[in-house]
Amino acid sequence: MKRKILSVLIALTMVATLCFTMTACGDKESSGGDGDKTLTVWIHNDEDSWTKSYESIADNYMKENEGVKINFESFPYDEYETKIQTALMSDEGGADVYELWGGWGVDFAPSGALAQVPEDMEKEIRDEAYECTYGALENDGKLYGIPLEFNIECGGLVVNKNILNEAGVSVPKTWDELVDAAQKLTRTEGKEMTVKGFDFVNWDGVMYLFTSMILSQGGQYLNDDGTFNFTSKEAKTAFKELADLVQVKKVTNMAGLDDGSDIEGYQELYAGQAAMVPRGPWVIAEGINDFELEYGKDFSYEKMPFYSDKKAFAAETGWSMGVSSSISEEQQELAFDFLNYFFSDDVIMSHNLACGQIPAKKKVAQSEDYVKEFPYAKPLVGILDGAQFIGFFNTDVFKENVNDVFSAYISGKYSSVDAALKKLEKKCNKMTEKK
């Protein structure tokens, strides 16, 4: 996952009304001794809004549960996954509760490192959460974590309204309108592209758009046995269409994957160098906070047209929480009680508002209260039922494979779309081979 987590102003206003109190970090006495009611929780610390939300939730839980103490230890995201792997997959110890990126669940769920979710909690999750939000936390029909968010990178379109207004172009409603608008909005000076009309070329964008275009045609990129299928008519059509947007219609370039920069398309959009960028709602706050743009005037978040009338897309499991299997039964019981509190409607809503995310629970994500507090979600809440769990595999490797083959095709290393997709299918199927 190549993603900077950002807060949203409206959510911060809501969270700021809560009392933020954090118990002492670094206390490793999480599971020592009879009657101990201390939990150590590991989280990533890239954004203050996330940390403050976790602190406030824990503080309120402790107030309702006398004698319980919750300690947080936070780590930079860039080193967090390695830190968790070392702790969970070895005997070095670590935390009682782990904040997990869902995509890591495919490594941890089958390993025995995480405790199985109690049956009553599992039933609640299956009944009330979107399937894609917990797919990576499942193994042999059992769950090994609770989902917090609906991670979505498809279906929303960030639009630079100033660029569209100057060109007299309306927000596109169909795929054909999108392509036409992108061509009209693209600007070049000599060999330099100064404004990208539709910049989908980034770590997440190519894969999500490619798979969505396959699904929206009624196709499928996964076979029944979990292996990949990229030689279908739908896959060839989707891949060729995306390649043509770069090579023929020239509405963007490959800089988002090939130039090694950390600058993403949505950031270029905020700087006036891109007109339309497909991205999740988490990027909105950066336009408001860091670029000091006015939402609704300078930019907006719109419905992304699907390739066909069928609104279908793939979604990977996002941020989740898991409990270590190495702690005592008493500690596990306490940990799951805390997570059960976290999964309650009001709490999971407040956390996702603070983090600029869509809640994993259906009734919360679809509630009038949530959309009222987070109006940016309006383009997305109506399409969530169309999501397919991306698949039980390492999504970072999947994205890398798609991006590598797409970049190689654009640079001329494959003689045809068929050759490129055969290579992609072979590379991805290595992910499914049992070792």
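Being a predicted model, the structure only gives us computed values, none of them experimental. Note that these values count all heavy atoms, side chains included, but never hydrogens, waters or copies made by symmetry.
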Check: Without hydrogens or angle criteria, can the side chains of Glu99 and Tyr54 be said to hold a donor-acceptor pair below 3.5 Å?
Finding: yes

Note to self: Would you say the ring centers of Trp42 and Phe75 fall short of 6.0 Å from each other?
What the structure shows: yes

Notebook entry, point to check: What do you reckon, are the aromatic ring centroids of Phe108 and Tyr144 less than 6.0 Å apart?
Noted result: no

Checklist line | Name of the residue among Asn45, Ile43, Leu39, Thr40 meeting side chain to side chain contact (heavy atoms under 4.5 Å, CB included) with Phe72 | finding: Ile43

Next item on the list: Give a yes or no answer on whether the side chain of Glu425 reaches the backbone of Leu421 with a donor-acceptor pair at less than 3.5 Å.
Entry: no

Note to self: Can you tell me how far apart CG (Asn401) and CE (Met431) are? Round to the nearest 0.5 Å.
What the structure shows: 6.5 Å

Notebook entry, point to check: Which atoms form the tightest heavy-atom contact between Pro110 and Asn139, and what is the distance?
Noted result: CA-ND2, 3.5 Å

Check: Taking C-beta and beyond as the side chain, do Val206 and Leu257 meet within less than 4.5 Å on heavy atoms?
Finding: yes

Notebook entry, point to check: Is the backbone N or O of Gly318 less than 3.5 Å from a side-chain atom of Ser320, with the two atoms forming a donor-acceptor pair by type?
Noted result: yes

Margin query: Just to verify, which of Val364, Ile57, Leu353 counts as forming a side chain to side chain contact (heavy atoms under 4.5 Å, CB included) with Ile348?
Written below: Val364

Next item on the list: Examine distances only and state if a side-chain atom of Tyr221 and a backbone atom of Ile390 form a donor-acceptor pair shorter than 3.5 Å.
Entry: yes

Note to self: Under a plain distance cut-off of 3.5 Å, with no hydrogens placed, do Glu286 and Tyr266 share a side-chain donor-acceptor pair?
What the structure shows: yes

Next item on the list: Verify the ring-centre separation between Phe393 and Phe228: is it less than 6.0 angstrom?
Entry: yes

Next item on the list: Return yes when atom CD of Glu166 has more than 12 non-hydrogen atoms of other residues, nucleotides or ligands closer than 6.0 Å, and no otherwise.
Entry: no

Checklist line | Side-chain donor or acceptor of Thr82 paired with backbone N/O of Glu79 under 3.5 Å | finding: no

Check: In terms of heavy-atom contacts, does CG of Asp224 have more than 12 from other residues, nucleotides or ligands at under 6.0 Å?
Finding: no

Margin query: To the closest 0.5 Å, what do you measure between OG (Ser367) and NZ (Lys372)?
Written below: 11.5 Å

Next item on the list: Decide, yes or no, whether a salt bridge links Arg279 with Asp204 under the criterion of side-chain N to carboxylate O below 4.0 Å.
Entry: yes

Note to self: Whether the side chain of Ser325 engages the backbone of Ala113 through a donor-acceptor N/O pair (distance < 3.5 Å, no angle test) should be reported.
What the structure shows: yes

Next item on the list: Mark yes when over 12 heavy atoms from residues, nucleotides or ligands other than Lys184 sit less than 6.0 Å from its NZ; otherwise mark no.
Entry: no

Notebook entry, point to check: Within a strict 4.5 Å, meaning less than it, do heavy atoms of the Thr186 and Val195 side chains meet?
Noted result: no

Next item on the list: Please check if atom CG in Asp140 has more than 12 non-hydrogen atoms from other residues, nucleotides or ligands closer than 6.0 Å.
Entry: no

Notebook entry, point to check: Centre of Phe230's six-membered ring, under 6.0 Å away, within 45 degrees of the axis: is that where NZ or CZ of Lys422 sits?
Noted result: no

Checklist line | Leu143 side chain reached by Ile125 side chain, heavy atoms, under 4.5 Å | finding: yes

Notebook entry, point to check: Going by atom types alone, do Glu122 and Tyr134 pair a side-chain donor with an acceptor below 3.5 Å?
Noted result: no

Notebook entry, point to check: Under 4.5 Å between any side-chain heavy atoms of Met321 and Phe342, yes or no?
Noted result: yes

Item checked: salt bridge (charged side-chain N to carboxylate O under 4.0 Å, His left out) involving Lys240 - partner list, sequence neighbours excluded -> Asp244

Check: Quick one: OG on Ser308 to CD on Gln217, what's the gap to the nearest 0.5 Å?
Finding: 7.0 Å

Notebook entry, point to check: Under the 3.5 angstrom rule, does the side chain of Asn160 hit a backbone N or O of Leu269 as a donor-acceptor pair?
Noted result: yes

Next item on the list: Taking Glu153 for its side chain and Gly280 for its backbone only, find out whether a donor-acceptor pair lies under 3.5 Å.
Entry: yes

Item checked: Near-ring test His44/Trp101, centroid separation under 6.0 angstrom -> no

Notebook entry, point to check: Do Glu316 and Thr395 have side-chain N/O donor and acceptor atoms under 3.5 Å apart?
Noted result: yes

Check: Okay, side chain of Asp298, backbone of Glu294: is any donor-acceptor separation there less than 3.5 Å?
Finding: yes

Checklist line | salt bridge (Lys or Arg N to Asp or Glu O under 4.0 Å), paired with Asp418, selected from Lys233, Lys236, Lys423 | finding: Lys236

Check: Looking only at heavy atoms, which two atoms of Thr317 and Ala136 are closest? And how far apart?
Finding: OG1-N, 3.1 Å

Item checked: Side-chain donor-acceptor pair present, Gln388, Gln220, cut-off under 3.5 Å -> yes

Next item on the list: Check whether any side-chain heavy atom of Trp319 lies under 4.5 Å from a side-chain heavy atom of Cys355, and answer yes or no.
Entry: no

Checklist line | Asp127 CG: over 12 foreign heavy atoms closer than 6.0 Å | finding: yes

Next item on the list: For the pair Lys361 and Asp345, find out whether any cationic side-chain nitrogen is under 4.0 Å from an anionic carboxylate oxygen.
Entry: yes

Check: Could you state the interatomic distance from CG (Leu137) to CD1 (Ile146), rounded to the nearest 0.5 Å?
Finding: 9.5 Å

Margin query: Can you confirm whether Val397 sits close enough to Cys428 that some side-chain heavy atom of one is under 4.5 Å from a side-chain heavy atom of the other?
Written below: no

Item checked: Aromatic centroids of Tyr409 and Tyr414 separated by under 6.0 Å -> no

Item checked: Side-chain donor/acceptor of Asn352 to backbone N/O of Leu148, under 3.5 Å -> yes

Checklist line | No-hydrogen, no-angle side-chain donor-acceptor test under 3.5 Å, Asn429 and Thr227 | finding: no

Next item on the list: Would you kindly say whether Trp104 and Gln85 are connected by a side-chain donor-acceptor distance under 3.5 Å?
Entry: no

Next item on the list: Would you mind reporting whether Phe406 and Phe239 have side-chain heavy atoms less than 4.5 Å apart?
Entry: yes

Notebook entry, point to check: Does the side chain of Asp337 pick up a donor-acceptor pair with the side chain of Tyr61 at under 3.5 Å?
Noted result: yes

Margin query: Within the 4.5 Å heavy-atom criterion, are Asn253 and Lys196 side-chain neighbours or not?
Written below: yes

Notebook entry, point to check: Between Phe299 and Tyr270, does the ring centroid distance fall short of 6.0 Å?
Noted result: yes

Note to self: Can you confirm whether the side chains of Gln357 and Trp50 place a donor and an acceptor under 3.5 Å from each other?
What the structure shows: no

Notebook entry, point to check: Do Phe200 and Phe198 have ring centroids that are under 6.0 Å from one another?
Noted result: yes

Notebook entry, point to check: Can we say Glu73 and Lys83 salt-bridge, meaning some charged N sits less than 4.0 Å from an Asp/Glu carboxylate O?
Noted result: no

Item checked: Main-chain N/O of Trp203 paired to Asn403 side chain as donor or acceptor, under 3.5 Å -> yes

Next item on the list: For residues Pro147 and Phe343, report the shortest heavy-atom separation together with the two atoms involved.
Entry: O-CE1, 3.4 Å

Notebook entry, point to check: What pair of heavy atoms forms the shortest contact from Glu138 to Ala109, and how long is it?
Noted result: O-CB, 4.2 Å

Notebook entry, point to check: To the nearest 0.5 Å, what is the distance between OG (Ser216) and CZ (Phe306)?
Noted result: 7.5 Å

Notebook entry, point to check: Hey, are Glu131 and Lys362 close enough for a salt bridge, meaning a charged N less than 4.0 Å from a carboxylate O?
Noted result: no

